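Keep in mind that what you see is a predicted model, and the values were worked out from it rather than measured.
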Amino acid sequence: MTNQGQTFLKVTSILMVIGGIIALFAGVFAILGVNALAALMGSAEGTGLLYAGSVLAVVTSAVEILAGAKGLKACRLPEKAGGCVILGIAIVALSMISMAVSVKGGGEFKIINLVVNLLVPVLYILGAVKTKPAARA
């Protein structure tokens, strides 16, 4: 029997996996683009933040995919939901760091970007928290 938290966790986990895969490809292409830019310039000077942002996107994507897989497992085994909370918090932290790197690199801070970047991870955490009590039932 599934409760509302498990359903919530399942949906957000699927979104995390899909979003993570898409972002992983985007991050890899970004790294390749930075490499191409450095080759065109004849120097890697000034590409540090671009590399950092691209690598951070790849790392965050990998964590999102892992979190999505763990979330799907926690839907079947609710006692695993505590680990999902930790992964969700890690994704929120990585997203905040990514936004800070973007702003430091000259990007503009927009509250809508913050909301969009944090929406699924926060809903994922909420689903994991709601799933945890089912493990004790």
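Interatomic distance, CG of L40 versus CG of N35, reported as 11.0 Å (0.5 Å rounding). Once rounded to the nearest 0.5 Å, the distance linking OG1 of T131 with CG of L126 reads 9.0 Å. A distance of 10.5 Å separates OG1 in T7 from NZ in K130, rounded to the nearest 0.5 Å. Between the CG atom in L123 and the CZ atom in F8 there is a gap of 4.5 Å [rounded to 0.5 Å]. Here the OG atom belonging to S54 is positioned 12.5 Å from the CZ atom belonging to F29, to the nearest 0.5 angstrom.
Clustering ILVMFWY residues whenever any of their side-chain heavy atoms sit less than 4.5 angstrom apart, transitively, puts V11 in the very cluster that holds L66. Both V17 and F25 are part of a single hydrophobic cluster, where members link through side-chain heavy atoms under 4.5 Å apart. At a threshold of 4.5 Å between side-chain heavy atoms, the hydrophobic network of Ile, Leu, Val, Met, Phe, Trp and Tyr places V63 and L119 in two separate groups. Residues M41 and Y51 fall within the same hydrophobic cluster, defined by Ile, Leu, Val, Met, Phe, Trp and Tyr side chains chained together at heavy-atom separations under 4.5 Å.
Closest approach of G20 to S61, counting heavy atoms only: O-CB, 3.4 Å.
Between K104 and L49, the closest side-chain pair of non-hydrogen atoms falls below 4.5 Å. Counting heavy atoms from C-beta on, the side chains of K80 and K70 never come closer than 4.5 Å. In this structure, the side chains of L15 and Y124 stay at 4.5 Å or more apart for every pair of heavy atoms.
Within the 3.5 Å criterion, the main-chain N or O of L9 finds a donor-acceptor partner in the side chain of T12.
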Side chains of residues 84-102: which donor-acceptor pairs under 3.5 Å do they make with residues two or more places apart or in other chains?
residue	atom	partner	partner atom	Å
S95	OG	I91	O	3.0

